[in-house]
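Contents: one structure, followed by commentary.
Per chain, numbering begins at 1; letters A, B, ... match sequence-line order.
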2 protein chains.
Amino acid sequence: MRADARKNRDHLLAVARVVVTEQGADASLRDIARRADVALPTLYRHFPTREALLDTLLRENFDALAERAVELEASGSPAEALGTWLRECVAVAREYRGVTELMAAAIGDADSALHASCVTMRAAGTRLLARAQAAGAARADLDGAELFALVAALAWLGDQGSFAPRADHLFTVVASAVLPGRTDGDAEAGRH
Amino acid sequence: MRADARKNRDHLLAVARVVVTEQGADASLRDIARRADVALPTLYRHFPTREALLDTLLRENFDALAERAVELEASGSPAEALGTWLRECVAVAREYRGVTELMAAAIGDADSALHASCVTMRAAGTRLLARAQAAGAARADLDGAELFALVAALAWLGDQGSFAPRADHLFTVVASAVLPGRTDGDAEAGRH
DNA sequence: ACCTGAACACCGTTCAAGT
DNA sequence: ACCTGAACACCGTTCAAGT
């Protein structure tokens, strides 16, 4: 890649991070290009699709979650590991508004630029879930795809302004369905 | 209201019902007006806001849910009544794509045209929840606002194509958190 | 190889003019 | 009282032309 192109790409990404933080995943691409002092077709050249751009913004965090899962697999109780990881997943999925719809679309579309990251994340969750199930700590009738969906739904709740104040408590409620009988390690037990 | 205006209004509503079913809650207003053979400002005159239009489409169903709650309050076990009502709520919220975001926005905004309907619905749920809690059947640390949020989240799951096949099962999972210990009356127990 | 101006077809919103 | 044509400011997407 030519030096000027590299510079444009990096700058576009930095600006996109700001704008998507402000406006969410459906931010105006025109606005991003404008604020990056670049013509719109330049943005399209580097990121042919809105998803390609968001993929680049998200992949880092998604892959970090997969690594984090490996870490947690080796430590603590299976139940606590899963609970902690779920909480961190929701936090990452909430980093930008509107990402949950994207996750849902990407996991189901092999052609999506985000697909690989989502599949990696789901696989990591599936391993943690299986370990907790083997220990009898997690609901047996759940699979990784459903865990992924629950994470997305909980992140979605946090994205809706009027539900956001309840999002933490509702995480606890749903987590208690995934990990029945677990009383330690969740947000509220840890708080008092 | 003048006869021609009434006719326009009714026709707009009928067309909107079709278009919103096809395209979801963010359907093109221009398209609705076009397919109703009416100029765009005519649509704006009758429904000054997209929300005002959707409110009219939804109010009927939302109010029916409130009535349905009254019916269920007087019948069967408190747990079964709540479980049945929750399932029907999710079904109504899934009637049009994108309604869940709208519900979340409307419940938190007193100026929204949908606000009253949402508040009525939440109140109905709160009564059913309180009855189930008094019977020791429902989780004590939940309130009506959280129940409303859970319904919206479950409906949202059903709206995401890739999650939709899991939506029924995830309803059962979440319902089991709201109504712990209940083994009858849910979709899966009823199916075998 | 990379960038840009300019166009195209859309959208929501609003105003002044018609009947 | 009600409806409409037409304009405005936006948007995503793409092409031909520049360096």
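The closest side-chain heavy-atom distance from Val178(B) to Arg139(B) is not below 4.5 Å.
One finds no salt bridge joining Arg59(A) and Asp63(A) here, because no Lys/Arg side-chain nitrogen approaches an Asp/Glu carboxylate oxygen to under 4.0 Å.
Leu53(B) has its CG atom 12 Å from the P atom of dT13(C), to the nearest Å. For the pair Met1(A) CE and dC3(C) P, the computed distance is 9 Å after rounding to whole Å. We find that NE2 of His11(A) is positioned 18 Å from C1' of dC2(C), with the value rounded to whole Å. Asp4(B) places its CG atom 8 Å from the C1' atom of dC3(D), with the value rounded to the nearest Å.
Note that the CZ atom of Arg34(A) and the CG atom of Leu43(A) stand 12.0 Å from one another [nearest 0.5 Å]. Taken from CG in Leu129(A) to CG in Asp143(A), the straight-line distance is 8.0 Å, to the nearest 0.5 Å.
Ring geometry for Phe148(A) versus Phe163(B): interplanar angle over 60°, hence perpendicular rather than tilted (30 to 60°).
Across residues 26-51 of chain B, Ala27(B), Ser28(B), Leu29(B), Arg30(B), Arg34(B), Leu40(B), Pro41(B), Tyr44(B), Arg50(B) each have a non-hydrogen atom less than 4.0 Å from an atom of DNA chain C (numbered order).
Side-chain atoms of Arg97(A) and Thr21(A) include no donor-acceptor pair closer than 3.5 Å. Checking Asp141(B) against His169(A) by side-chain atom types alone, a donor-acceptor pair falls below 3.5 Å.
A close approach under 4.0 Å does occur between a side-chain nitrogen or oxygen of Asn8(A) and OP1 or OP2 of dC3(C).
Applying the ring pair (Phe, Tyr, Trp, His ring centres under 6.0 Å) definition to pairs two or more places apart or across chains, none involves residues 57-100 of chain A.
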- Query: What pattern of brackets, bars and dots sums up DNA chain C from 5' to 3', given Watson-Crick or G-U wobble pairs under 3.5 Å, [ ] for crossing pairs and | for another strand?
  - Reply: ||.|||||...|||||.||
